[in-house]
Amino acid sequence: MTFEISNIEFDDKKTWQLICEGKTKGVFQLESSLGKTWAKKVKPKNIEELSDLVAIIRPGCLKAIVDGKSMTQHYVDRKHGESEIFYLHDSLEPILKKTQGVLVYQEQSMQIAQQLAGFNLQEADDLRKAIGKKKADLMNKIKKRFIKGAKKQGIVSKEVAEEIFSWIEKSSRYAFNKSHSVSYAICAYWSAYCKAHHPVEFYCKYIQFSGGKPDPQQEVRELVTDAKSNEIHVNPPSLSKLNLTTDIIDGAIHFGLLEVKQIGDKQINKLKEELPPIEEFLGKKIDEWSWYEFLVAFSSKVYSTFVNAIISVGVLSGKGESRSKMLYEFDTWQKLTDKEKEWCINNYSKYGNLLDLLRGAQPTRKQGGGTHNVKRSGILCDLIQQLENPCYSLDDDPEWVIREEENYLGVPITYSRVDSSDTSRANATCKDIINGRGGKVKLGVTVNTVRKYITKKGDEMAFLSVEDSTGSIDNITIFHDQWSEYKNILYENNNVLIIGKKEDAKKDGIIVEKVLEI
């Protein structure tokens, strides 16, 4: 079912809930940690407030400090009744009321100039340009016109007019163009709507177009992790559908074959060329083949790099064998001569697995087997013994699977990195925290990022982003004393047990009390 995005209404509860909960990975303008954090603080409920959010999380507004707080924080505190809305003059209330008394937009400065100083549209636009381009010389000229106009209008005194213009001048560091901000807000709402109502299609398309991001691999990793938190899993490519790029197959997202390292057009063309005759030979489609049939009838027809890659990322995992065992048997198969492989293909139906097949092939041809001479028979005997008694476990270790998937896909999809560690002491998951779990928590997680911060006192602390198999959390705070004690184990990609508690029942932030390596 398709829909026209421009026809949707701006009152969808599910969409606004998604934004207010900060579940905004992939949402235009709000997908960063900053966007997620402030979306939860602002809790916008309409396009006007969403536009305000887009404007106040820009660097200038965040760095504009008045009375010890950023203008962004002033907006939030006033919106939620935690501080009083203050106007320099009563005449400013109609212009600034919707933005909690904070001068957010350049257009508000234009309205103030028209209201208090009698500016015409051209003069007001000159002010907007001066603000937008931060032209000091132009601002000085406009200031003189503003003070002169304010005196003529008689609404405010010269002193108040100077104070208001000084305020406008300071706002030039952060005031944003409202027409742009509203347009951004509409696009943000549309993308949030798609995520809320069509999540599978949303994640699929965002992964498809992640190549346009500064760090495509990190973008894909974050999208895959975020999808997991919504019970949506991204799967390996499908051989039966031969999807070359990320696509939706039978309702599930699958990476494309061309998105696997070591696989290119050359390997794909070879696959397409060799597949139909082997499907005809076996009498069934590739998705119905057993691993044994794939190995004997088909693996020699395509490039070995292709086979190694698709095994390593789990393309063949549905065929009943571990990836380690398939790689081990493929390596054994490659050690056969062409004539021995030919004998095996002609006789494969008499056996059910590679070990029994090689036992049948081991005798020389004179003895009814498939080897050329006694020397080759001896080599096959060694291969059989290696299959019977492999020198290492052929079970799939999660840490190895993660490493292989990261190598070939850039992101682990079967396990999370923390799955290779003992998380039995954890009592909560990232998803539990996202869904409102409070109190004291123990999280078994992988550290994604560490952002160090120097306080006004000169103390070093840090903010962490972590993840597990259920999702990720961006707002883990570790203050100076704990940071000094545990920073040697809080580095990117390390698995740790974080013990902490919520900073505030109404907020999602976790304050770290203790950290253990796992």
Side-chain angles (χ1 to χ4, degrees), residues 18 21-26 31-33 36-37 40 195 199 203 207 217-236 253 314 396-406 409-451 462-478 482 486-487 489-503 507-518:
L18 181 147
E21 290 177 352
K23 297 178 179 179
T24 53
K25 176 60 192 174
E31 62 180 342
S32 66
S33 297
K36 294 175 189 176
T37 299
K40 287 185 284 188
K195 185 175 184 179
Y203 286 112
I207 290 172
Q217 186 168 311
Q218 181 61 26
E219 178 69 10
V220 172
R221 181 188 293 275
E222 290 177 5
L223 287 167
V224 169
T225 301
D226 194 67
K228 282 182 183 178
S229 68
N230 289 301
E231 306 295 339
I232 295 171
H233 295 272
V234 183
N235 302 285
I253 302 173
D396 287 340
D397 176 63
E399 187 172 357
W400 174 81
V401 172
I402 290 166
R403 192 165 57 247
E404 290 297 291
E405 289 179 348
E406 287 186 324
L409 286 173
V411 57
I413 56 176
T414 303
Y415 301 103
S416 292
R417 283 170 289 178
V418 74
D419 290 336
S420 62
S421 298
D422 179 11
T423 59
S424 59
R425 287 176 288 178
N427 67 0
T429 65
C430 288
K431 188 174 182 179
D432 292 335
I433 304 302
I434 293 169
N435 290 337
R437 168 73 181 268
K440 194 163 186 175
V441 295
K442 298 177 181 178
L443 295 170
V445 293
T446 299
V447 179
N448 278 343
T449 60
V450 179
R451 304 186 304 279
F463 300 97
L464 312 176
S465 170
V466 301
E467 73 171 62
D468 61 15
S469 59
T470 68
S472 62
I473 304 175
D474 294 328
N475 46 352
I476 305 287
T477 303
I478 178 162
Q482 288 74 20
Y486 302 117
K487 64 181 178 181
I489 59 173
L490 288 172
Y491 54 87
E492 292 182 6
N493 297 324
N494 195 31
N495 294 334
V496 295
L497 184 74
I498 288 180
I499 301 170
K501 61 182 180 180
K502 276 200 172 184
E503 177 184 8
K507 300 176 182 179
D508 293 334
I510 300 295
I511 303 299
V512 177
E513 297 177 348
K514 189 176 182 180
V515 183
L516 301 174
E517 196 162 23
I518 54 177

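Salt bridge D226/K195: present, at least one basic N to carboxylate O contact under 4.0 Å. Residues E467 and K228 are not paired through a salt bridge, judged by the lack of any N-O separation under 4.0 Å between the basic side chain and the carboxylate.
Of the possible polar contacts, one joining the N495 side chain to the R417 backbone as a donor-acceptor pair under 3.5 Å is found. Checked by atom type and distance alone, the side chain of N448 never pairs as donor or acceptor with a backbone atom of S465 at under 3.5 Å. Remark: the backbone N or O of V418 is paired with a side-chain donor or acceptor of T446 at under 3.5 angstrom. With N230 contributing its side chain and I232 its backbone, the two residues share no donor-acceptor pair below 3.5 Å. Side chain of E405 to main chain of I413: a donor-acceptor pair is present (N/O by atom type, distance under 3.5 Å, no hydrogens or angles). Between the side chain of K502 and the backbone N or O of R437, at least one donor-acceptor pair lies under 3.5 Å.
Contact record, R451 with D474: NH2-O, 3.7 Å, taken as the closest heavy-atom pair. Minimum interatomic distance between N427 and K442 (heavy atoms only, all atoms of both residues): OD1-N, 2.6 Å. For I476 against V512, the heavy-atom pair with the smallest separation is CG2-CG2, 3.4 Å. S229 approaches G471 most closely through the heavy-atom pair CB-CA, 3.9 Å. Y491 approaches V447 most closely through the heavy-atom pair O-CB, 3.4 Å. Closest of all the heavy-atom pairs between G444 and I518 is CA-CD1, 4.3 Å.
Atom OG1 of T414 sits about 9.0 Å away from atom CG of D396, to the nearest 0.5 Å. Atom OG1 of T429 and atom CG of N435 lie 8.0 Å apart (nearest 0.5 Å). For the atom pair CD1 (I478) and CG (L490), the distance works out to 5.0 Å, reported to the nearest 0.5 Å. Taking NE2 of H233 as the start and OH of Y203 as the end, the distance is 11.5 Å to the nearest 0.5 Å. Atoms CD1 and CD1, on I473 and I498 in that order, are 8.5 Å from each other to the nearest 0.5 Å. Here the CD1 atom belonging to I499 is positioned 15.0 Å from the CD1 atom belonging to I511, to the nearest 0.5 angstrom.
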**Message:** Run I434 and K23 through side-chain contact (heavy atoms from CB on, under 4.5 Å) and show every step you take.
**Reply:** CA-CA 9 Å; I434 293 169; K23 297 178 179 179; 3.6 Å; yes
**Worked verdict on E219 versus K25 for side-chain contact (heavy atoms from CB on, under 4.5 Å)** = CA-CA 10 Å; E219 178 69 10; K25 176 60 192 174; 3.0 Å; yes
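Taking 4.5 Å as the limit, every side-chain heavy atom of T423 sits out of range of all side-chain heavy atoms of L497. Side-chain atoms of V411 and Q217, non-hydrogen and from C-beta on, never get closer than 4.5 Å to each other. Between C430 and T470, the closest side-chain pair of non-hydrogen atoms falls below 4.5 Å. Within the 4.5 Å cutoff, side-chain heavy atoms of N494 are placed close to those of E517. At a threshold of 4.5 Å between non-hydrogen side-chain atoms, the residues R221 and P412 count as touching. Two residues are said to be in side-chain contact when any heavy atoms from C-beta on lie closer than 4.5 Å; E513 and K440 meet this criterion. At least one side-chain heavy atom of Y486 sits under 4.5 Å from a side-chain heavy atom of K514.
Counting heavy-atom neighbours within 6.0 Å of K431 NZ, excluding the residue itself, gives a total above 12.
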